[in-house]
Amino acid sequence: MKSIRTLPWVQNSSVRGCRVLLRVDFNVPVEHGQVRDRTRIERVAPTVDYLVKAEAKVIMVSHFGRPNRVDANFSLEPLVGTISEVLGVPVTFIGDCLGERVCTVVNALPWGSVVLLENLRFHAGEEENDLAFAKQLASMADLYVNDAFSCSHRMHASIDAITKFLPSAAGLNLQNELHHLGNIVSEHPVAAVIGGAKTSSKIPMLRNLAQKVDFLVLGGGLSNSFLRASGHKIGNSICEPCDDAVYAVLESASKNNCTVILPRDHVVARSLDCAAHTKVTEDVEAEDCIFDIGEQTSAEVTEVLGKCKTVFWNGPMGVFERAAFAAGTSGLVRDLVRLKKEGVSTIVGGGDSIFAIKASGYSEEDFSYISTGGGALLQFLSVA
């Protein structure tokens, strides 16, 4: 993750009369033309407010989806109304992110204005980290501010190459992310609860966390890789075989007095379509698929988390989207909500975890901090 200076370097007097290129992440979920989750927009509001009050011109740039070319289906224009509403300021949309017209419109607007440019990925140079593309972006601004933590692990032009052409700083959201994630292990005992299905992508994070936390609680499809490597039967369950990587995590945990908690019982079925015919068992048969942690495991997790002052959670315990396999994840969510009320620091990261929180009827206020990062979070916790 690229190292950049923090926003206090950008005092109000420094940005007044400046054009600020603000990298945001407005790659938000949209259904039937409506923004389904406004979290990433809400997170950049303090930085936008800071810059507007300092009478800078705020030029917001973002990607949206994975277009292969200019494609109206991936235009940011339909999001402008929601973005303006959340930020509390008028937002002028410009239908490109480069060119003379963009500069003309930006220069004509009064100080304190907010502009949103078109999808960066309509230009191949963005994902290619192209210096010429970055230089063109930089030509319309005097200062670059990155407030897109969730994109900061990518070597793209608007994240990396741009810093070669403009003085650069971190926005308030990015600073806040780094502060909370960097303090995960500041108050012990600490538990990291890691689920989901992407074992290989989470191995570096697990190895790093195993050196620093007191408890490493594993669930979801990820735990199947650890169960398999430890000699347990997992039947026909989803499993990414990576025994050597698993052994490295377990060895790291052993050397650093980190207790690894694996599921001891499971909610199984022959397939997701057989949700009406589930059972809870410790003995997984060859035809069974593990879709959730069982009641004994949930009780053990509750007991372990009750010993901690800090809990970090990333990834569901099972296929929570199906009611028959949601108990493990929803129980974990309730535990974290209760622990936060008891003074425990509860930090959550990952899109599936956030979705599970909302599906359980809770909100951001019920946790100490919720990170907007996915890949960026995994990379940061792999090295921090």
Side-chain angles (χ1 to χ4, degrees), residues 1-7 19-30 39-41 43-44 47-48 58-71 73-77 79 83 93-99 102 106 115-175 177-178 181 198 201 204 349-351 371-384:
M1 192 169 293
K2 194 166 182 66
S3 175
I4 51 182
R5 287 170 285 182
T6 53
L7 195 58
R19 301 163 300 167
V20 179
L21 189 70
L22 177 64
R23 181 49 158 105
V24 295
D25 184 3
F26 289 161
N27 187 33
V28 294
V30 176
T39 304
R40 286 179 173 172
I41 304 173
R43 290 292 179 88
V44 301
T47 298
V48 172
V58 185
I59 308 164
M60 299 187 297
V61 291
S62 177
H63 72 285
F64 181 65
R66 298 177 180 273
N68 295 319
R69 52 182 171 75
V70 176
D71 185 339
N73 293 316
F74 294 96
S75 174
L76 283 164
E77 186 171 13
L79 308 185
I83 293 169
F93 178 76
I94 305 176
D96 201 348
C97 60
L98 297 177
V102 175
V106 169
V115 173
L116 176 65
L117 305 188
E118 184 56 284
N119 193 338
L120 289 163
R121 291 187 180 177
F122 283 178
H123 295 265
E126 165 64 0
E127 293 185 87
E128 294 171 357
N129 201 22
D130 182 69
L131 287 173
F133 177 74
K135 189 174 183 178
Q136 284 184 279
L137 281 177
S139 67
M140 69 182 80
D142 308 298
L143 173 70
Y144 169 74
V145 173
N146 180 2
D147 215 19
F149 170 76
S150 47
C151 301
S152 293
H153 61 304
R154 297 192 176 112
M155 298 294 285
H156 289 178
S158 65
I159 298 292
D160 179 55
I162 188 75
T163 62
K164 295 177 172 60
F165 302 103
L166 288 172
S168 303
L172 296 172
N173 173 56
L174 195 152
Q175 290 185 53
E177 290 271 9
L178 298 181
L181 295 178
K198 302 175 182 176
S201 65
S371 172
T372 59
L377 179 146
L378 297 182
Q379 182 168 324
F380 180 78
L381 292 179
S382 297
V383 298

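Only heavy atoms go into these numbers, but all of them, side chains included; no hydrogens, no water, no symmetry mates.
Although no hydrogens or angles enter the test, the distance criterion places no donor-acceptor pair under 3.5 Å between the side chain of Arg43 and the main chain of Asn173. Listed for the Asp25 side chain is no donor-acceptor partner under 3.5 Å among the backbone atoms of Cys151. No donor-acceptor pair under 3.5 Å is formed between the side chain of Glu177 and the backbone N or O of Ser371. Ser168 contributes a side-chain N or O that, together with a main-chain N or O of Leu166, makes up a donor-acceptor pair within less than 3.5 Å. Distance alone, capped at 3.5 Å, is enough to place a donor-acceptor pair between the Tyr144 side chain and the Ser158 backbone.
Asn68 CG to Phe122 CZ: the interatomic distance, rounded to the nearest 0.5 Å, is 11.0 Å. One distance of note links CZ of Arg66 with CD of Glu127; it measures 7.5 Å at 0.5 Å rounding. A distance of 12.0 Å separates NE2 in His63 from CZ in Phe26, rounded to the nearest 0.5 Å. Taken to the nearest 0.5 Å, the CG atom of Asn146 stands 4.0 Å off from the OG atom of Ser152. Taking CG of Leu174 as the reference point, atom CG of Asp147 lies at 6.5 Å (rounded to 0.5 Å). In this structure, Leu79 CG and Leu116 CG are separated by 8.0 Å, a value rounded to the nearest 0.5 Å.
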Exercise for review: Let me see the working for Asn129 and Ile159 under side-chain contact (heavy atoms from CB on, under 4.5 Å), right down to the final yes or no.
Suggested key: CA-CA 8 Å; Asn129 201 22; Ile159 298 292; over 6 Å; no
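Taking 4.0 Å as the cut-off between side-chain N and carboxylate O, Arg23 and Glu126 count as a salt-bridged pair.
Lys164 is listed as a side-chain neighbour of Leu131, based on a closest heavy-atom distance under 4.5 Å. Counting heavy atoms from C-beta outward, Val28 and Thr39 have side chains that stay 4.5 Å or more apart. Between His153 and Leu377 the shortest side-chain heavy-atom distance does not fall below 4.5 Å. Using a 4.5 Å cut-off on side-chain heavy atoms (C-beta onward), Pro67 and Asn119 make contact. Here the side chains of Leu21 and Ile162 are in contact, with some heavy-atom distance below 4.5 Å. A heavy-atom distance below 4.5 Å is found between the side chains of Val48 and Leu22.
The shortest non-hydrogen separation linking Ser75 to Glu118 is OG-OE2, 2.8 Å. Shown here for Leu117 and Asp96, the closest heavy-atom pair between the two residues is CB-O, 3.5 Å. Closest approach of Phe64 to Leu76, counting heavy atoms only: CB-CD2, 3.7 Å. Nearest heavy-atom pair across Ala157 and Ala134 is O-CB, 4.1 Å. Listed here is the closest heavy atom pair of Ser62 and Asn27: OG-N, 4.1 Å. Shown here for Leu98 and Met140, the closest heavy-atom pair between the two residues is CA-CE, 4.5 Å.
Side-chain polar atoms of Asp130 and His123 form no donor-acceptor pair below 3.5 angstrom.
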